[in-house]
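The analysis underlying the following values was restricted to heavy atoms, covering all of them including side chains, and did not include hydrogens, waters or symmetry mates. Computed from a prediction, not measured in an experiment: that's the story for all the values here.
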2 protein chains.
Amino acid sequence: MKVREVKIGPLQLGGDAPVLIQSMTNTKTEDVKATLEQINALCEVGCDFVRVAVPSKDTIKAFKEIVKSAPCPIVADIHFDWRLAVEAIEAGASKVRVNPGNLGGLDKLREVARAASGRSAIRVGVNSGSIGRDYLAKIQSGEITKAEAMTRSAKDYVDFLYDSGFYDVVVSLKASDIPTTLSVNRTFRQICDSPLHLGITEAGTAFSGTIKSAVGLGVLLLEGIGETIRVSLTAPPTEEVKVAKEILKATGRRKMGPTIISCPTCGRTEIDLYTLATQVEKLTESIPEDITIAVMGCVVNGPGEAREADIGVAGGRGAGVIFVGGEIVEKVKEEDLFERFTVHLERLLQEKKQKDALK
Amino acid sequence: MKVREVKIGPLQLGGDAPVLIQSMTNTKTEDVKATLEQINALCEVGCDFVRVAVPSKDTIKAFKEIVKSAPCPIVADIHFDWRLAVEAIEAGASKVRVNPGNLGGLDKLREVARAASGRSAIRVGVNSGSIGRDYLAKIQSGEITKAEAMTRSAKDYVDFLYDSGFYDVVVSLKASDIPTTLSVNRTFRQICDSPLHLGITEAGTAFSGTIKSAVGLGVLLLEGIGETIRVSLTAPPTEEVKVAKEILKATGRRKMGPTIISCPTCGRTEIDLYTLATQVEKLTESIPEDITIAVMGCVVNGPGEAREADIGVAGGRGAGVIFVGGEIVEKVKEEDLFERFTVHLERLLQEKKQKDALK
């Protein structure tokens, strides 16, 4: 189904827009300084917009200050109290995330939509804990599955908002296991045109959560499903953004700076490839250009195997080569490899910039 | 297509067998001690069998010693010289990996199969660098795509082996980008019954390579494609195995110890969830039992949200609870949380063991 375009401040979800990356602050919202620092750090590593918890009326004043000074659109995270959603919208939220299942009735959702109209988008969140009451009984009687109940609940909420004349709706359907996440999002995309926010809830630590999110979100993104993603990790939020960027790169859903290809280390590797690849990754992590960089373990096969790379380095027996477009441009000692690579990369980026300027 | 069963030493690929995990040593094969140490380390973290480079005739003696003392089946990694494959089989390899495209003709492949018959499996590797000559011309004329040429080349090699009466064939079709990897493996599963070895070549560093592998292998594994996987990382090989295990857990293709679900940290979190989750992950990484463990940031919602977990811990405002099966079993001070969790986990595992014994 063609996805409806929804604005999040100056940004757009759906249509031709790239998949947007979100994260959430874990500072106390009342601590405006710390929260703004974290929002700035998130934006610096590539986050498009940031969600901030608004757990009580006391936090509204701080939220307003945060919205005013933040370099990106801010989403208010609301639970239970619809009045907080209304106040957050009045304080300048570009989107409010509510879970209609815990707001206490559709009339409360209507109040939120009334306040949001023309000002803010609404994310409708549905998880296994916020299924509509009518469906809960049907799940227990075995009439429908939990996944069906989730998609039907979400569709009911969206229909209610559309019928109220409010269309700036984003939907998230979340589970902590991958099969349910895939099933509910695939089904929902068939029956509703709202942009989808993807995430695996309670995915886990930086290590296991990264893998679970890469698999789960990766599958959906490769199917063209998902207009914004949040990788949830029990880790610093900037890590979430870095993982999200890599997932978007891997799925080809968004160009986000260099792609590094590098050999696994093997019994044939003759240089310290691990250190070199890590250095190259660090050097290039903030370059916005969409180029492919190869880091290969043997001089003989490296440049050929990595022919599709824009630039690369291959080493062996104390020496190495720098190659550009599959052709060797310089032979160097192993200890100079990284330094010379830096020089050639700089040149490549300059040339690219000049070419782009001439276009 | 129903996958043919192929033995790798005492292990099996295809049929009802679980997806097996492989890695490759990066020591010098001649250094028997270092290589065996690495093989043991790989097996300890969950590797099922290990590939070892056999780059020259000089390494055959060492390879033979390695095979004799290794705690798992050993695969010989052969390039260019079919005679090395024959010698590695005679030295006890459970599988030889050859790239027919660089062996120098099908008659060489026949010699390898003759030596392997009844003793060793053969992995036929095809990547974009080892496409049959006939197909290279067709790619250049635009008659077929590179992906088609890869699958057709692989099918030709397998047909040749089957026609020679050799059936213990495993196939790997590798590319460094995900779309090609998906396409060639999906197509190949339609046209051939050989077990498939999955991997993304030159996937990258521990960080980006993990994500690329999780997305690429994850998609195929969720479709039921893939009987053995290797995650290629420019990182220590034990890391490859840990990532492989998490991918298999995430896709549900193999039960491999605990699954940890944990909240992202957010403005509502009242304890140091990051440290706690990391501690729990470390504590449980070598437990073989397939249990779900939750680490949650708030006492109020934690146990309910993580109802499907076998055991969990939730903290807030200096205190926390331990819950088992969604029910709170103990309230504790924050500083005692991890210690008390350890005790309850131990109990749960004991009970599970007793129940399993009674079955």
Side-chain angles (χ1 to χ4, degrees), chain A residues 24-29 35 52-53 55 77 129 176 178-179 182 202-205 207-212 214-216 218-219 222 232-237 240 242-243 246-247 249-252 259-269 273-274 277-278 281 294-296 304-306 308, chain B residues 24-29 35 52-53 55 77 129 176 178-179 182 202-205 207-212 214-216 218-219 222 232-237 240 242-243 246-247 249-252 259-269 273-274 277-278 281 294-296 304-306 308:
Chain A
M24 185 170 181
T25 50
N26 64 7
T27 50
K28 296 279 157 222
T29 302
T35 304
V52 173
D77 192 65
S176 64
I178 290 173
L182 300 184
E202 294 131 25
T205 61
F207 180 68
S208 64
T210 292
I211 293 169
K212 213 164 159 179
V215 173
V219 171
L222 282 167
S232 295
L233 299 178
T234 309
E240 299 186 343
K242 290 181 191 169
V243 172
E246 284 297 326
I247 293 175
K249 264 198 252 179
T251 56
T259 297
I260 297 177
I261 63 173
S262 58
C263 303
T265 59
C266 75
R268 291 186 304 272
T269 310
L273 200 63
Y274 178 42
T278 309
E281 184 168 69
V295 182
M296 309 298 285
E305 278 182 22
E308 76 271 33
Chain B
M24 185 170 182
T25 51
N26 63 8
T27 50
K28 295 280 158 221
T29 302
T35 305
V52 173
D77 192 65
S176 64
I178 290 174
L182 300 183
E202 294 130 24
T205 62
F207 180 68
S208 65
T210 293
I211 292 168
K212 212 164 161 181
V215 173
V219 172
L222 282 167
S232 295
L233 299 178
T234 309
E240 299 187 344
K242 290 180 191 171
V243 172
E246 285 297 327
I247 294 175
K249 266 198 252 180
T251 55
T259 298
I260 298 177
I261 62 173
S262 57
C263 304
T265 59
C266 75
R268 291 186 304 272
T269 309
L273 200 63
Y274 178 42
T278 308
E281 183 168 70
V295 182
M296 309 297 286
E305 277 181 24
E308 76 270 34

Measure from the side-chain N and O atoms of Thr29(A) to the backbone N and O of Ala53(A), and report whether any donor-acceptor pair falls under 3.5 Å.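 Yes, because the side chain of Thr29(A) sits within donor-acceptor range (under 3.5 Å) of the backbone of Ala53(A).
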When only pairs under 4.5 Å are counted, which of Pro179(B), Gly216(B), Ala250(B) shares the most heavy-atom pairs with chain A?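 Of Pro179(B), Gly216(B), Ala250(B), Ala250(B) has the most heavy-atom pairs under 4.5 Å with chain A.
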In terms of heavy-atom pairs under 4.5 Å, which option from Thr205(B), Val219(B), Val52(B) contacts chain A the most? Thr205(B)
Between [X] and chain B, with a heavy-atom cut-off of 4.5 Å, which part of the residue counts as in contact: side chain, backbone, both or neither?
| X | answer |
| --- | --- |
| Glu246(A) | both |
| Lys249(A) | neither |
| Thr35(A) | neither |
| Ser208(A) | both |

Residue part contacting chain A, namely of [X], when any heavy atom lies under 4.5 Å:
| X | result |
| --- | --- |
| Thr210(B) | side chain |
| Ile247(B) | both |
| Val243(B) | both |

So which atom in Glu240(B) and which in Met24(B) form the shortest heavy-atom distance, rounded to 0.1 Å?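 Here Glu240(B) and Met24(B) meet closest at OE1-N, 4.2 Å.
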Partner residues of Thr278(A) under the side chain to side chain contact (heavy atoms under 4.5 Å, CB included) criterion, sequence neighbours left out: Tyr274(A)
Taking only residues two or more places apart in sequence or in another chain, which ones pass side chain to side chain contact (heavy atoms under 4.5 Å, CB included) with Ala294(A)?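 Per chain and number, Ala294(A) pairs via side chain to side chain contact (heavy atoms under 4.5 Å, CB included) with Ile261(A), Met296(A), Ala306(A), Ala309(A), Phe323(A).
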In terms of heavy-atom pairs under 4.5 Å with chain B, which of Ser262(A), Ala277(A), Ala214(A) leads? Ser262(A)
Count the heavy-atom pairs under 4.5 Å between each of Lys242(A), Glu281(A), Lys212(A) and chain B, then report the option with the highest count. Glu281(A)
Set out, in order, the CA-CA distance, both residues' side-chain angles and the distance that settles side-chain contact (heavy atoms from CB on, under 4.5 Å) for Leu273(A) and Asn26(B), then state yes or no. CA-CA 11 Å; Leu273(A) 200 63; Asn26(B) 63 8; over 6 Å; no
Indicate yes or no: at least one non-hydrogen side-chain atom of Thr234(A) is less than 4.5 angstrom from one of Val295(B). no
Within the structure provided, determine whether Leu222(B) and Leu182(A) are in side-chain contact (heavy-atom separation under 4.5 Å).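 Leu222(B) vs Leu182(A): side chains touch.
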